[in-house]
Amino acid sequence: MLDSLALLLEKTFLLAHFYFFTATLSEKEECTKHRDESARYRRGDLLEVPRTLFTHFGIYLGDNKVAHLMPDILLVLARNKAQIQKIVTNKRLILGVIYKYASIRVDTVEDFAYGSDILLNTMDTTLRRQPLAGEEVARRAEKLIGQIPYSLLWNNCEHFVTYCRYGTAVSLQTEKFCECLKSVIRDQRSVLFTAVIGMLSMFYLGIAPYTALPTFIVPFTLWMAG
């Protein structure tokens, strides 16, 4: 019995070691790939990394370095610069968004990509604007390095890179979100839905009419304004 258990544990450790080695190898291959790709980037290029729900942007500074705006809760909680400079995890990023703390920081191309593929200067075609000279773009980015006020809609990573590369801060992701929000507000079904919720709140939860009144007024006003 003990021999069988020891054999099982030995196989488990060997399997775990194999998976760890495979993951490490994959990470090394990923770093090598990005380093090879960085040879085609020029100082001042706009780099774009598609994520699941959004797209992240940065400005290439040369020497495998990228300046990008990142929300980070450690800017509030930590004093150790070495700790803050470590790659920003998803948890740090989300809490930074909530508390509206961010910085324009410099990371390697690999850390900036965070395992995703990188698109190069696609915004030039999308915005149909003439970019500034690459050196001017990079200098603008370098001047802004450090802590900066953050807003998910009005001052995000896309605003940063468009200001640096085109001289005007815009965010197509924000514009798309606002258009979607307007379409929801303009939809009479959303007004009807909130009105039904307000009625149910009064009849079944005992909420006073004056408390539930904003449920009717706010969506109706937004719908009319839209």
Side-chain angles (χ1 to χ4, degrees), residues 27-28 30-51 53-75 78 80-90 92-93 96-97 100-176:
E27 288 173 4
K28 287 181 179 178
E30 190 71 27
C31 289
T32 303
K33 183 187 78 169
H34 284 305
R35 281 173 185 164
D36 292 340
E37 288 181 348
S38 67
R40 67 189 179 100
Y41 303 146
R42 296 181 179 178
R43 184 168 160 84
D45 278 344
L46 192 158
L47 307 185
E48 195 172 319
V49 179
R51 303 292 191 197
L53 298 176
F54 62 95
T55 301
H56 187 52
F57 299 87
I59 298 294
Y60 186 68
L61 302 179
D63 297 326
N64 203 43
K65 301 294 183 182
V66 182
H68 57 132
L69 191 157
M70 284 288 286
D72 187 3
I73 191 62
L74 276 190
L75 296 171
N80 189 337
K81 291 185 178 180
Q83 185 179 6
I84 294 173
Q85 190 54 37
K86 291 180 180 178
I87 186 170
V88 178
T89 61
N90 289 331
R92 283 170 58 182
L93 186 148
V97 170
K100 298 183 179 180
Y101 283 96
S103 70
I104 294 169
R105 51 184 284 147
V106 177
D107 285 307
T108 64
V109 172
E110 300 81 52
D111 287 345
F112 166 76
Y114 208 62
S116 300
D117 292 329
I118 297 176
L119 305 178
L120 178 63
N121 294 331
T122 59
M123 189 84 67
D124 292 356
T125 305
T126 306
L127 284 180
R128 297 180 182 177
R129 294 188 183 183
Q130 184 66 31
L132 301 172
E135 186 61 31
E136 173 64 19
V137 174
R139 285 178 180 174
R140 281 173 173 244
E142 288 168 341
K143 286 180 181 178
L144 293 173
I145 290 172
Q147 292 193 33
I148 189 171
Y150 180 78
S151 169
L152 183 62
L153 295 181
W154 315 121
N155 191 34
N156 57 41
C157 61
E158 193 172 3
H159 290 104
F160 162 65
V161 297
T162 51
Y163 166 76
C164 292
R165 188 163 174 85
Y166 309 105
T168 305
V170 296
S171 174
L172 299 180
Q173 294 181 110
T174 296
E175 292 176 4
K176 185 176 181 180

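The figures that follow rest on heavy atoms only: side chains count, while hydrogens, waters and symmetry mates do not.
A pairwise comparison of heavy atoms in Arg51 and Ala113 identifies NH1-O, 3.0 Å as the closest pair. Counting all heavy atoms, side chain and backbone alike, Val88 lies closest to Leu93 at CG1-N, 3.8 Å. Heavy-atom minimum distance, Asp117 versus Pro50: O-CD, 3.5 Å. Scanning all heavy atoms of the two residues, the minimum distance from Ala67 to Phe160 falls at O-CE2, 3.5 Å. Closest non-hydrogen pair, Pro71 versus Gly96, comes out as CB-C, 3.7 Å. The minimum heavy-atom distance linking Arg165 with Gly44 is given by the pair NH1-O, 2.9 Å.
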Using the rule given for side chain to side chain contact (heavy atoms under 4.5 Å, CB included), can you reason through Leu172 versus Met123, listing the C-alpha separation, both sets of side-chain angles and the distance that settles it, and then say yes or no? CA-CA 10 Å; Leu172 299 180; Met123 189 84 67; 3.9 Å; yes
The test is side chain to side chain contact (heavy atoms under 4.5 Å, CB included); show your working for Tyr41 and Asn64 and say whether it passes. CA-CA 9 Å; Tyr41 303 146; Asn64 203 43; over 6 Å; no
Give the intermediate values and the outcome of side chain to side chain contact (heavy atoms under 4.5 Å, CB included) for residues Val66 and Val106. CA-CA 5 Å; Val66 182; Val106 177; over 6 Å; no
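The structure places CG of Asp124 at 11.5 Å from CZ of Arg129, a figure rounded to the nearest 0.5 Å. In this structure, Ile59 CD1 and Leu46 CG are separated by 4.5 Å, a value rounded to the nearest 0.5 Å. To the nearest 0.5 Å, atoms OG (Ser116) and CD (Glu48) are separated by 12.0 Å. Here CZ of Arg140 is found 13.0 Å from CD of Glu135. Values are rounded to the nearest 0.5 Å. Going from atom CD1 of Ile145 over to atom CD1 of Ile104 covers 8.0 Å, rounded to the nearest 0.5 Å. Annotation: the span from Leu75 atom CG to Arg92 atom CZ amounts to 8.0 Å, rounded to 0.5 Å.
When side chains are defined from C-beta on, Cys157 does not count as touching His68, because their heavy atoms never get closer than 4.5 Å. For the pair Leu47 and Leu120, the minimum side-chain heavy-atom distance is below 4.5 Å. Using a 4.5 Å cut-off on side-chain heavy atoms (C-beta onward), Tyr163 and Val170 make no contact. Contact of the Leu127 side chain with the Thr162 side chain is registered, since non-hydrogen atoms from C-beta on lie closer than 4.5 Å.
Outside the 6.0 Å centre-distance limit, the rings of His56 and Tyr114 are not counted as a close aromatic pair.
Asn156 places a side-chain N or O within donor-acceptor distance of the main-chain N or O of Leu152, the cut-off being under 3.5 Å. With hydrogens and angles ignored, the 3.5 Å screen pairs no side-chain donor or acceptor of Thr122 with any backbone N or O of Leu119. Side-chain N or O atoms of Thr174 include one that pairs as donor or acceptor with a backbone N or O of Leu153 at under 3.5 Å. Side-chain atoms of Asp63 do not come within 3.5 Å of backbone N or O of Lys65 as any donor-acceptor pair. Using modelled atom types, no side-chain atom of Glu158 and backbone atom of Phe57 make a donor-acceptor pair closer than 3.5 Å.
Annotation: Arg128, atom CZ; neighbour count of heavy atoms from other residues, nucleotides and ligands within 6.0 Å does not exceed 12. Enclosure of atom OH in Tyr150 by more than 12 non-hydrogen atoms of other residues, nucleotides or ligands within 6.0 angstrom is indicated.
Geometric assessment of Arg42 against the ring of Tyr60 yields a negative cation-pi assignment under the 6.0 Å and 45° thresholds.
Remark: Asp107 engages Arg105 in a salt bridge (Lys or Arg N to Asp or Glu O under 4.0 Å) (not counting sequence neighbours).
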